[in-house]
2 protein chains.
Amino acid sequence: MKEIQHRSNCPISYSLDYLGDKWVLLILRDLIFTNKSTYGDFIASEEKIATNILADRLKLLEENGFIKSTVSAEKKNKFIYNLTEKGIDLIPVIMELMVWGSKYNPPGANNLIQELNKDKEGTIQNYKNRARTRMKTTPE
Amino acid sequence: MKEIQHRSNCPISYSLDYLGDKWVLLILRDLIFTNKSTYGDFIASEEKIATNILADRLKLLEENGFIKSTVSAEKKNKFIYNLTEKGIDLIPVIMELMVWGSKYNPPGANNLIQELNKDKEGTIQNYKNRARTRMKTTPE
DNA sequence: TAAATTTGCTTGTTATTTGCAAGTAAACAA
DNA sequence: TTGTTTACTTGCAAATAACAAGCAAATTTA
């Protein structure tokens with residue numbers, strides 16, 4: 001894995017050096033909003049990520065401390081990926097992508113948007129706590 | 001310009017079909033946080049976008065309604081790009097990218113982060129209003 | 001216990017995109 | 001009228017992505 005070269009010392013540019021890629025953010029989405037946590041789970045997602053790209057992005061995310069993998073308790077050839085605190089801190093970014101997407105892609109409205117409109121901070125906190133719980137409990 | 005194909009009906013995936021690209025978001029950053037508004041301004045940014053990529057992304061952003069170009073009042077061979085309401089609605093996304101980047105890229109801390117910590121909603125509203133004012137006033 | 005399956009990749013090939021350098025064209029300034 | 005500014009376009013090599021196939025360890029099934 002080649003090291004990421006930062007193009008400037010702008011914090012937005014810094015973030016984009018990791019996150020300016022659709023696939024990275026779709027993997028994070030799956031980790032935040034669904035119960036998906038394995039290679040096979042991510043491959044099964046609707047957007048059909050290629051196998052080599054998924055392997056590459058999981059490696060990048062783990063090497064840069066966004067996620068952490070552990071061997072599954074029940075199957076030794078299965079890896080469980082979970083968000084680290086660094087990854088959990090991206091939840092607000094992804095929430096805002098969802099808010100924007102729901103506004104401009106009409107069929108995408110849902111309960112979560114209503115919850116965010118009522119109490120954005122609280123909703124984000126709930127998802128952060130959910131991710132922390134997942135990280136701590138022994139995986140399936 | 002080829003039409004963007006949406007890979008699913010997930011609102012996050014929908015957003016990423018436009019925004020899952022570093023350069024698009026760096027152009028938006030310049031429009032939100034700086035007084036940059038022309039091709040030459042964006043070319044001069046620290047991250048050194050290639051000329052063909054900039055032309056391509058400006059076209060994509062305009063064709064998809066994120067920005068609007070007008071001919072400069074003073075020079076007819078100069079175009080001024082401004083955010084539309086659709087683009088202004090991305091300010092929260094970019095603010096969160098900045099918050100995350102500032103947290104994990106230590107030298108990036110600044111006044112804006114403090115302002116956001118004190119009053120996120122108000123700060124975002126200020127930048128939205130600033131963008132609307134720029135859109136309405138006759139450009140340089 | 002041997003064969004088939006699951007799981008998580010890697011490899012090879014082709015297509016697309018990027019990055020870089022150079023060129024173009026309209027507007028404007030000297 | 002010559003040079004400069006501004007905003008691109010074009011051509012090409014290199015990097016990246018998409019697709020298909022293959023592989024190997026662990027596990028299940030016969």
Side-chain angles (χ1 to χ4, degrees), chain A residues 1-8 13 16-27 30-31 35-63 67-82 139-140, chain B residues 1-8 13 16-27 30-31 35-63 67-82 139-140:
Chain A
M1 175 78 32
K2 65 164 190 292
E3 286 241 340
I4 283 178
Q5 296 296 323
H6 295 291
R7 277 182 294 262
S8 72
S13 179
L16 292 173
D17 289 336
Y18 301 104
L19 306 173
D21 173 83
K22 301 175 212 259
W23 299 118
V24 162
L25 285 158
L26 289 175
I27 293 167
D30 282 350
L31 285 167
N35 287 319
K36 295 179 180 185
S37 62
T38 67
Y39 185 95
D41 289 340
F42 304 132
I43 282 291
S45 281
E46 216 185 337
E47 291 85 8
K48 302 285 168 237
I49 188 170
T51 57
N52 54 345
I53 303 296
L54 176 57
D56 178 83
R57 297 304 190 275
L58 287 174
K59 198 173 166 195
L60 181 145
L61 284 170
E62 183 152 25
E63 286 186 0
I67 61 176
K68 179 107 184 50
S69 68
T70 51
V71 176
S72 166
E74 60 164 25
K75 286 192 180 186
K76 284 178 190 160
N77 64 339
K78 202 173 171 182
F79 297 94
I80 310 287
Y81 294 96
N82 278 299
E140 26 168 324
Chain B
M1 176 76 36
K2 65 162 189 290
E3 286 241 339
I4 282 178
Q5 297 296 322
H6 296 290
R7 277 182 293 263
S8 71
S13 179
L16 292 174
D17 289 335
Y18 301 103
L19 307 173
D21 173 84
K22 301 174 214 264
W23 299 117
V24 162
L25 285 159
L26 289 175
I27 293 167
D30 283 350
L31 286 167
N35 288 319
K36 295 179 180 184
S37 62
T38 69
Y39 186 94
D41 290 339
F42 304 133
I43 282 291
S45 282
E46 215 186 336
E47 292 85 7
K48 301 285 168 237
I49 186 169
T51 57
N52 55 344
I53 302 295
L54 175 56
D56 178 83
R57 297 303 191 276
L58 286 173
K59 198 173 165 196
L60 180 146
L61 283 169
E62 184 152 25
E63 286 186 1
I67 61 177
K68 179 107 184 56
S69 68
T70 51
V71 175
S72 165
E74 59 165 27
K75 287 191 180 185
K76 285 177 187 161
N77 65 339
K78 201 172 170 182
F79 296 95
I80 309 287
Y81 294 96
N82 279 298
E140 25 168 326

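Order of the sequence lines sets the chain letters (A, B, ...), proteins ahead of strands, with each chain counted from 1. Every heavy atom of this structure was used, including side-chain atoms; hydrogens, water molecules and symmetry mates were not.
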Return the value, rounded to whole Å, for the distance between atom [atom1] of [X] and atom [atom2] of [N].
X	N	atom1	atom2	answer
Leu54(A)	dA18(D)	CG	P	12 Å
Lys78(A)	dT5(C)	NZ	C1'	14 Å
Phe79(A)	dA24(D)	CZ	C1'	12 Å
Lys48(A)	dA20(D)	NZ	P	13 Å
Phe42(B)	dA7(D)	CZ	P	10 Å
Asp56(B)	dT17(C)	CG	P	9 Å
Ile27(A)	dC9(C)	CD1	C1'	14 Å

Which residue lies more 5' along DNA chain C, comparing Arg7(A) with Leu58(A) via nearest heavy atoms: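 The residue closer to the strand's 5' end, by nearest nucleotide, is Leu58(A).
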Sugar-phosphate, base or nothing in reach of Tyr81(A), heavy atoms under 4.0 Å: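 Sugar-phosphate, no base atom in range.
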In terms of side-chain heavy atoms of [X], which of [options] is nearest?
X	options	value
Asp21(B)	dA7(D), dT18(C), dA21(C)	dT18(C)
Tyr39(A)	dC9(C), dG19(C), dT11(C)	dC9(C)
Ile53(A)	dA17(D), dT6(D), dA22(C)	dA17(D)
Lys76(B)	dC28(C), dG12(C), dT18(C)	dC28(C)

Under 3.5 Å donor-acceptor, Tyr81(A) side chain and Lys36(A) backbone: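 No; judged by distance alone, with no hydrogens or angles, the pair does not exist.
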Difference in axis direction between the ends of the helix from dT1(C)-dA30(D) to dA30(C)-dT1(D), five pairs, 10°: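 Rounded value for the end-axis angle: 10°.
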Phosphate OP1/OP2 of dT6(D) contacted by Lys75(B) side-chain N/O (<4.0 Å):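 It does, given that an N or O in the side chain of Lys75(B) lies less than 4.0 Å from OP1 or OP2 of dT6(D).
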Phosphate OP1/OP2 of dG19(C): any Trp23(B) side-chain N/O under 4.0 Å: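 Answer is yes, contact under 4.0 Å.
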Closest-nucleotide 5' rank along DNA chain D - winner of Gly40(B) and Asn77(A):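 Its nearest nucleotide lies further toward 5', so the answer is Gly40(B).
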